[in-house]
Amino acid sequence: MQVLSNTISHLILPGYSNNQKAKLLHTESILALIILLFFGQILINHFPYLGANVLGYASQISTDEIVRLTNEKRSNDGDVQVAYSPLLSAAAKAKGEDMLAKGYWAHVAPDGTQPWKFFSNVGYKYKYAGENLAKDFPSAQAAVDAWMASPSHKDNLLSTKYDEIGVAVVEGNLNGVDTTIIVQLFGKRYDTSIASATTDASAKTISEDANQTLTIKTTPVPSPTPLITANQITGSDISNNSEKTSGSPTPFQILISPFSTKKGFSFTSTSILLITFTVDAVFLARRKVARVGGRTVAHVLFLSMVLIAIILIQSGDLLPPIGDTIK
Amino acid sequence: MKEKYLITHYLPLIVVMVAAVFGFYIFAYDKALKMSLVIASGASYFVWGLIHHFIHKDLSWEVAFEYLIICLFGVYAILILV
């Protein structure tokens with residue numbers, strides 16, 4: 001017990017044994033922390049290759065919410081709202097599943113498949129098409145906020161070229177990591193665009209098409225079922241709008257979130273340093289010990305900034321948006 | 001007098017750190033900008049340390065290394081999350 005107490009005070013309190021500076025604050029200790037973080041990160045990144053089931057981010061994201069938020073942003077900007085298109089949602093779902101099946105995080109598949117192929121596969125003939133991709137966001141609001149914060153995604157989201165939207169939230173194993181991918185597709189039908197300036201004959205066709213569109217619009221938006229959460233991945237719930245293709249983990253698999261684990265490492269190590277520096281400063285001030293070295297106040301300021309930044313950083317990744325026009 | 005002297009020394013560092021925190025908040029989803037912010041704030045802290053100790057005439061390799069290692073730790077702790 002005495003040994004443990006001495007060791008702890010040697011680590012966090014300035015004294016005779018550590019040359020009046022907590023051992024944790026010695027440069028070699030901080031260097032060891034950096035090395036620990038480095039190897040911890042490597043270990044987390046290589047968990048999938050060790051057979052562990054790694055959870056990128058599982059969250060409750062509904063497609064309905066994404067459509068609602070998108071239209072809310074468009075309304076706020078004075079733009080026309082986009083109509084929900086089951087066809088575009090089917091294309092979005094096919095795109096998401098293709099990304100999981102082929103293991104890519106990009107607009108274009110490794111085999112060269114363009115995103116527009118998924119539009120044509122479901123029979124959606126477009127004049128304008130656009131795609132926004134996001135992954136590992138904790139909520140629909142966070143994803144839409146991220147798109148709005150990025151000027152190029154914002155342009156896609158608010159573009160008046162589009163009048164229909166389709167969204168899919170697909171969950172599955174992407175290169176060994178359980179990931180939630182949001183595929184947001186925008187489109188304007190080719191037929192509809194011709195309709196605005198044509199003859200009666202074509203107007204009739206358009207009218208039929210408009211009826212079809214009306215039918216589509218009035219089709220109830222599938223009530224999005226929340227995705228499986230991190231602690232619910234038991235293979236029990238798979239919604240219409242989401243797919244979990246990796247299957248349920250066996251009891252022998254480890255479920256970890258790389259981002260949350262790394263955040264935990266960073267937060268803990270920074271907090272330990274910050275607390276130790278503060279305790280060190282208080283003890284030095286009380287004992288009135290003069291010490292050659294860096295300014296503790298400066299270190300505390302810098303580490304406080306680091307800690308706040310770590311807390312502020314959220315998970316989520318975006319790809320630059322992409323669009324296509326048929327002339 | 002001493003307090004005023006202290007504040008003028010620490011003020012630039014405080015401003016840089018507060019600006020970095022605001023930057024992280026405002027550009028939460030801009031990966032490149034966040035990386036630039038953390039590297040810039042780390043570099044600022046390191047350079048501030050060198051200048052501060054140079055003015056105080058107590059700059060040594062040990063002190064410079066202390067700032068460098070804490071700077072590396074902070075920058076790395078954030079960069080692995082960006």
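So that the names make sense, note that chain A is the first sequence line, chain B the second, and so on, each numbered from 1.
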(message) Less than 4.5 Å apart, side chain to side chain, heavy atoms only: is that true for A/Ser266 and B/Ile80?
(response) yes
(message) Heavy-atom cut-off 4.5 Å, strictly under: side chain, backbone, both or neither for A/Ser304 against chain B?
(response) neither
(message) Taking side chain as everything from C-beta outward and backbone as N, CA, C, O, which of these in A/Leu303 sits under 4.5 Å from a heavy atom of chain B? Side chain, backbone, both or neither.
(response) side chain
(request) Count the heavy-atom pairs under 4.5 Å between each of A/Leu307, A/Ile308, A/Leu37, A/Asp145 and chain B, then report the option with the highest count. (result) A/Leu37
(message) Between B/Ser60 and chain A, with a heavy-atom cut-off of 4.5 Å, which part of the residue counts as in contact: side chain, backbone, both or neither?
(response) neither
(request) Could you tell me the separation between the OG1 atom of A/Thr27 and the CD1 atom of B/Ile69, rounded to the nearest 0.5 Å? (result) 6.5 Å
(message) As an exercise, state the distance from CZ of A/Phe302 to CD1 of B/Ile70, rounded to the nearest 0.5 Å.
(response) 8.5 Å
(request) Flag the pair A/Arg295 and B/Glu66 as a salt bridge only when some basic side-chain nitrogen lies within less than 4.0 angstrom of an acidic carboxylate oxygen. (result) no
(request) Below 4.5 Å from any heavy atom of chain B, which atoms of A/Phe38 appear? Answer side chain, backbone, both or neither. (result) both
(message) Just so I understand: if I count every heavy-atom pair under 4.5 Å between each of B/Gly49, B/Gly74, B/Ala20 and chain A, which residue has the most?
(response) B/Gly74
(request) Please tell me if the side chains of B/Phe73 and A/Thr270 come closer than 4.5 Å, counting only heavy atoms from C-beta onward. (result) yes
(request) Check whether A/Leu273 gets within reach of chain B through its side chain, its backbone, both or neither, counting any heavy atom under 4.5 Å. (result) side chain
(request) Hey, could you give me the CG/CG distance between B/Leu81 and A/Leu312, rounded to the nearest 0.5 Å? (result) 11.5 Å
(request) Look at atom NZ of A/Lys73 and say whether more than 12 heavy atoms of other residues, nucleotides or ligands are closer to it than 6.0 Å. (result) yes
(request) Verify, without hydrogens or angle tests, whether B/Tyr25 (side chain) and A/Ala309 (backbone) share a donor-acceptor contact under 3.5 angstrom. (result) no
(message) For a side chain to side chain contact (heavy atoms under 4.5 Å, CB included) check, start with the C-alpha distance between A/Val306 and B/Val75, then their side-chain angles and the critical distance, and finish with the verdict.
(response) CA-CA 8 Å; A/Val306 171; B/Val75 169; over 6 Å; no
(request) Answer yes or no: does atom OH of A/Tyr104 have more than 12 heavy-atom neighbours from other residues, nucleotides or ligands under 6.0 Å? (result) yes
(request) Compare every heavy atom of A/Met305 with every heavy atom of B/Val21, then report the nearest pair and how far apart it is. (result) CG2-CG, 3.8 Å
(request) Ignoring hydrogens and angles, state whether a donor on the side chain of A/His299 or B/Tyr45 is under 3.5 Å from an acceptor on the partner side chain. (result) yes
(request) Go through the atoms of A/Ile34 and report whether side chain, backbone, both or neither lie under 4.5 Å from a heavy atom of chain B. (result) both
